[in-house]
Amino acid sequence: MSSTVDSSEALEVKGVTPPRLSPFLTLPPLLTRDLLGLFEKCSTKGDIVRLDLWGFQLHQVNHPELAQEILRDKGKVYRKGRLMRRLKTVTGEGLLINDGDTWLRHRRLANPAFTPSRLDGYTETMLRSAEKLVERWRAYPEDKPIDIIHEMSEITLTSLLRTILGIDFDEDFDGFTEVAHELLGEVVDRNSNLFPLPLSFPTKANIRFKEKVSKANRIIEKMIEHRQRVLGNEDKPVDLLGQWLQKAQEDEDAFSPSEMRDELMTMLLAGHHSLAVAMTWTLYEIARHPEVQAKLQHEVDHLESLPTGLKELNKIPYAQGTLLEALRFYPQPPVILREALEAHNVGRFRFKVGDQLLINPMAIHMHPDCWEDPTTFKPERYVDFPLEAMMQHHYLTFGGGSRVCIGRKFSILEGSLLLTRIAKNFHLSPTTDEPIKPLFTKMMGPDKPLTLKVSHRA
Ligand code: HEM
């Protein structure tokens, strides 16, 4: 236990209980499942606010310094929150939800697959997917509205499956993309419902959900066997599964087959929808802001060649900033959940064992103490700011502290490479003047179909 925690225990008696949001304000958005509306109301009432209604209790954290105290300084006093641990049915003991020594071991074993040189190994696949998208969009009639979320979902899933499983899906495992899509949709839906019926209730939805989990599990197990068979004496496998299987041949402490299954499912779950939705909002904001689109096109048009790897990302600060800015406005997921393992204080507030905390990145990303002109979409704000330093303070898109997203560089790499190809080849424009808002039922997806017109650049 850290010394910070010991000293905070001494303060416990003095700490105050966070103020409670009135039930009259809590109930209506809970009934209509307008969770973002609820979080927004809560964020205007204080740095930490208690939602407490009929046994449903969460403490919402709205201040950057308090959020970092939880994520970074006192990480050991928490485990993943109760709502998050529901994912266990799908991910088993995967990284997203495990804790303590199991987490430490899994993170140590998974980290090598995300080093800069490994990430560079994934770029060929990422670029192949981006080129396919450009070809497909060029073949569409110019005025036809394109369903962006569908397109981004397809490309990020195919690319993630190839980079993590090293199998060509078009040929070997036709159909898995569909199963993975369905399962991911169900998981996101279920997990953004604060009151789902326990899985042990034999409702139609629960039975369907369990069937999808089993089907996906069977396919992933088959894929592990298949990859093991074709691995042979490959020198340096570029896919994540190949690397883990090779390590298992050399090292007793490597992931076992069932741990690999859990982690592959975790990577799919954590990595797919988040990036697809992030890219969708990025393209939407580009289409809505002609000045942003012009600067982005200027940046890519003045490059000798488009970037092809991690080292070259410094050539495209504006493109990277555009993706990061979209993620500031639409963090995926819009909540970071923790459960207190012991009594302690955060700032002047007191928590007891079992308290559920919800860190609200939206409030922190709009906090006027940290962001100049926070409601304006400004990709240039990241140019002189090292991302890793920002993540230690007021940029929580990828979480923070030791549980920070393992796939953050992967996402920035894939997202930026894709963005440069889109900006070079196409001009995007909105299909409606009506604003499209985020809705927390499909991660942070759009509340209505998000289509864009895509015209070809010379
Ligand atoms: C735009 C894309 C992404 C966003 C916004 C995002 C966001 C996040 C956030 C906020 C967390 C922290 C959750 C918490 O503290 O409770 C997290 C954790 C995680 N993410 Fe990501 N993620 C993205 C992409 C990816 C990708 C591509 C992968 C894998 C290929 C991935 C794998 C993970 C894993 C395994 C964890 C758990 C890490 C741990 O606890 O050790 N993520 N992500």
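We count ligands from 1, going down the list as the structure has it; atoms in each ligand are counted the same way.
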- request: Would you please classify the geometry between the Phe377 ring and the His289 ring as parallel, tilted or perpendicular, with 30° and 60° separating the classes?
  value: parallel
message: In the structure I gave you, are the side-chain heavy atoms of His226 and Val230 within less than 4.5 Å of one another anywhere?
response: yes
Check: Glu285/Tyr330 side-chain N/O donor and acceptor closer than 3.5 Å: yes
- request: Verify whether one side chain among Glu93 and Asn98 offers a donor that lies under 3.5 Å from an acceptor in the other.
  value: no
Distances only, to 0.1 Å: what are the N or O pairs between ligand 1 and the protein that fall under 3.5 Å?
residue	atom	partner	partner atom	Å
ligand 1	15 (O)	Arg338	NH1	3.4
ligand 1	15 (O)	Arg338	NH2	2.8
ligand 1	16 (O)	Lys80	NZ	2.9
ligand 1	16 (O)	Arg338	NH1	3.0
ligand 1	40 (O)	Leu95	O	3.4
ligand 1	40 (O)	Arg403	NE	2.8
ligand 1	40 (O)	Arg403	NH2	3.1
ligand 1	41 (O)	Trp103	NE1	2.7
ligand 1	41 (O)	Arg107	NH1	2.7

field: Test item: Gln320 side-chain N/O and Leu313 main-chain N/O as donor-acceptor pair under 3.5 Å
entry: yes
Geometric class of the Phe440/Phe39 ring pair [parallel <30°, tilted 30-60°, perpendicular >60°]: tilted
